[in-house]
Chemist: 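First the structure, then my questions, so here it is.
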Amino acid sequence: MDKFTQLTGVAAPMDRPNVDTDAIIPKQFLKSIKRSGFGPNLFDEWRYLDHGEPGMDNSKRPINPDFVLNLPRYAGTQILLARDNFGCGSSREHAPWALLDFGIRAVIAPSFADIFYNNCFKNGILPIRLDAATVQKLFEAEAASEQPWQPTIDLQAKTITTPEGEVIAFEVDDTRRHNLLNGLDDIGLTLQHVDDIRAYEQRRATEAPWLFPGRG
Amino acid sequence: MAAKTLYDKLWDAHVVRSEPDGTSLLYIDRHLVHEVTSPQAFEGLRMAGRPVWRTNSVVATPDHNVPTTDRHVGIADPISRTQVETLDQNCSDFGIDEFRMDDIRQGIVHVVGPEQGATLPGMTVVCGDSHTSTHGAFGALAHGIGTSEVEHVLATQCLVQQKMQNMRVTVKGHAPEGVTAKDIVLAIIGEIGTAGGTGCALEFAGEAIMDLSVEGRMTVCNMAIEAGARAGMVAVDEKTIAYFEGRPFAPKGAEWEAAVAAWRELHSDADAVFDKEVVIDAARLKPMVTWGTSPEMVLPVDASVPDPAAEADKVKATGMQKALEYMGLKAGMPISAIPVDRVFIGSCTNSRIEDLRQAAEVAKGKKVAASVKQALVVPGSGLVKQQAEAEGLDKVFIEAGFEWREPGCSMCLAMNADRLEPGEHCASTSNRNFEGRQGKDGRTHLVSPSMAAAAAIHGHFVDVRSA
Ligand code: SF4
């Protein structure tokens, strides 16, 4: 998993509550055997004018010119500004996989669905909870900016600094912050105990060598 | 030293480290992989640039999606085909042994593992499939895992686990003639319910269990998951040891001797204490048939479909009512009066050579009833199929009007082309009778192989002891 320390990037407004996982990545794409490659189908129903199916050439599909991520101003978006209950719906990890594959590394919202919130951390995405009034202020600052609006998120300091120079503090629990700062997913955490695993194998290979074929 | 259960022994031997709250890293000896639950795990490894920790602990074979006819023309369904091809690609990229679709050793992963000696007594065995409990039949600690855990085990050889509770089901005395392993486990589930083993490692013990062949014990452990337990297990005895001698992945020579000595310790100590104990009297067991949409909705073949009105528990009564509606059955009708439209002999529960022998014995010299649209026999592996053909069982089945197929999961979950039509009743040797499991609106009745064969011959359920 990629580390998340500091990020300065374009933020795009997703100005509606209850964006569910099926909107983030429609269910016909869940049959895929991959966890990457969902990016072109992120928000598929909103992004394109036709109905998407796996295997289509997305570059040839009619684009919805009004959808926020299709506007030139939001090219290269890495941060989403969102409303209440972002990521509700199914427990599958395809939603964070799709966001990540598109290039989104952080989502700022007043609230998130629980499982989605967890799954974000597992996949290197930082979900930031702020009170609704603060989120509203960010939406307004973004809308008022002439240039693409690029805040800086500092996970070490737990702050968001707006291009206007305002500093906003946010909360995130220490373990999750530590893991994200160091790029540790569940596997990464277990791999911190590589020495224990190797020691176990060595001991066990003497006790029960038949469990370790080819180890001489 | 405190007396230990079999589960305690297996757990203790595999703990790499423990946190103060009991969360432990458990070392995994054998990882079995199939095409459905592994692609995103391999993808995850690729994205993170991680290798497989120990490739020779992994054995793979496609099973869920493989066609059971016309293998040479490949897989027609594009999604199934992609999954199987992806498994092939992943195994070759990561250097993992795979029995591919055209390999004689290919088959249902839970049949193939023990058959190859890839599963051995005393091992921890995992697979991205809930019926991994099957492998506990040999005194192994075996359970199913999810895709993110598949990736975790591939990358680290470990699983993050909390210890489960100890539960023992003792089937005491000897089972009557005509009562098979499948009937025993269905009776156990009928008794303790589908949540009876939740949170437990479930040991099956008692004379009736130890009387079973190791293949019969696999049938019992296979359905531990339907009794709510992620892991089922049986102690090692001489039958277990004899089963593994000479298997391709089994130890040889001096290592074999050392292994056997260690395996002989794989039983619960006489004074070990279990958190939960259930005792069942084998003498009163009969051939069983499920009538509803949960494996616990099961009765002896000579019983009648139960009446929800007679059930005091309101929630249960509603569940029964819904099940009867789905199954198209009337309270009070004899189970033997339920007509059978299709018959499926196969699945990781009952597709081994002994299962096929039992079914063939019933089918021999008989004909599948005209009212039965299809009767399928799907061996669990290419080697089971080969063995059955060497014994002439294929001819017995074909002459009786059964279809003889290529190995795979087939109609157990209807991921390939084999499935029920809406409303059809199926006598099935598989393990789940959930709504839609064998095809949309299909009606599954779980039975033993001999009961399934008898139902095929008669067109309805019959007591195989008098058929
Ligand atoms: S035979 Fe059925 S239960 Fe067994 S692994 Fe295949 S699909 Fe699962």
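So that the names make sense, note that chain A is the first sequence line, chain B the second, and so on, each numbered from 1.
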Chemist: Where is the tightest heavy-atom contact between B/Met123 and A/Leu211, given as atom of each residue plus distance?
Modeler: CG-CD2, 3.6 Å
Chemist: Given heavy-atom pairs under 4.5 angstrom as the criterion, report whether the side chain, backbone, both or neither of B/Val36 touches chain A.
Modeler: neither
Chemist: Determine, stepwise, if the pair B/Val160 / A/Asp186 fulfils side chain to side chain contact (heavy atoms under 4.5 Å, CB included).
Modeler: CA-CA 9 Å; B/Val160 180; A/Asp186 291 352; over 6 Å; no
Chemist: Among B/His14, B/Gln40, B/Lys252, which residue has the highest count of heavy-atom pairs closer than 4.5 Å to chain A?
Modeler: B/Gln40
Chemist: Restricting to non-hydrogen atoms, name the atom on A/Ile197 and the atom on B/Thr156 that form the minimum distance, rounded to 0.1 Å.
Modeler: CD1-O, 3.7 Å
Chemist: Tell me, side chain or backbone of A/Asp185 under 4.5 Å from chain B's heavy atoms, or both, or neither?
Modeler: side chain
Chemist: Over 60° means perpendicular and under 30° means parallel, so tell me whether B/Tyr27 and A/Phe212 are parallel, tilted or perpendicular.
Modeler: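 Answer is tilted, since the angle falls between 30° and 60°.
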Chemist: Using every non-hydrogen atom in the two residues, find where B/Gly122 and A/Arg204 come nearest and quote the distance to one decimal.
Modeler: O-NH2, 4.1 Å
Chemist: Counting heavy-atom pairs closer than 4.5 Å to chain A, which one of B/Pro251, B/Ala48, B/Ala259 comes out on top?
Modeler: B/Ala259
Chemist: Tell me, with the steps shown, if A/Arg35 and B/Glu43 meet salt bridge (Lys or Arg N to Asp or Glu O under 4.0 Å).
Modeler: CA-CA 6 Å; A/Arg35 74 165 78 195; B/Glu43 175 81 1; over 6 Å; no
Chemist: Going from CH2 on A/Trp210 to CH2 on B/Trp263, what distance comes out if it is rounded to the nearest 0.5 angstrom?
Modeler: 7.5 Å
Chemist: Heavy atoms, side chains only, cut-off 4.5 Å: are A/Tyr200 and B/Arg17 in contact?
Modeler: no
Chemist: Main chain of A/Pro213, side chain of B/Asn56: is a donor-acceptor contact present, judged purely on distance under 3.5 Å?
Modeler: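 Yes; judged by distance alone, with no hydrogens or angles, the pair exists.
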Chemist: Looking at B/Ala250, B/Cys158, B/Ala13, which makes the most heavy-atom pairs under 4.5 Å with chain A?
Modeler: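 Most heavy-atom pairs within the cutoff with chain A belong to B/Ala13.
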Chemist: Top residue by heavy-atom pair count (under 4.5 Å) with chain A, among B/Arg30, B/Glu151, B/Met47, B/Glu35?
Modeler: B/Glu151
Chemist: Do the side chains of A/Leu191 and B/Arg50 get nearer than 4.5 Å, heavy atoms only?
Modeler: yes
Chemist: Please find the pair of heavy atoms, one from B/Gln83 and one from A/Ile33, that lie closest to each other, and give the distance.
Modeler: CG-CG2, 3.7 Å
Chemist: Pairing donors with acceptors under 3.5 angstrom, does anything connect the side chains of B/Trp53 and A/Glu201?
Modeler: yes
Chemist: Is any side-chain heavy atom of A/Thr190 less than 4.5 Å from a side-chain heavy atom of B/Leu25?
Modeler: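 Sidechains of B/Leu25 and A/Thr190: in contact.
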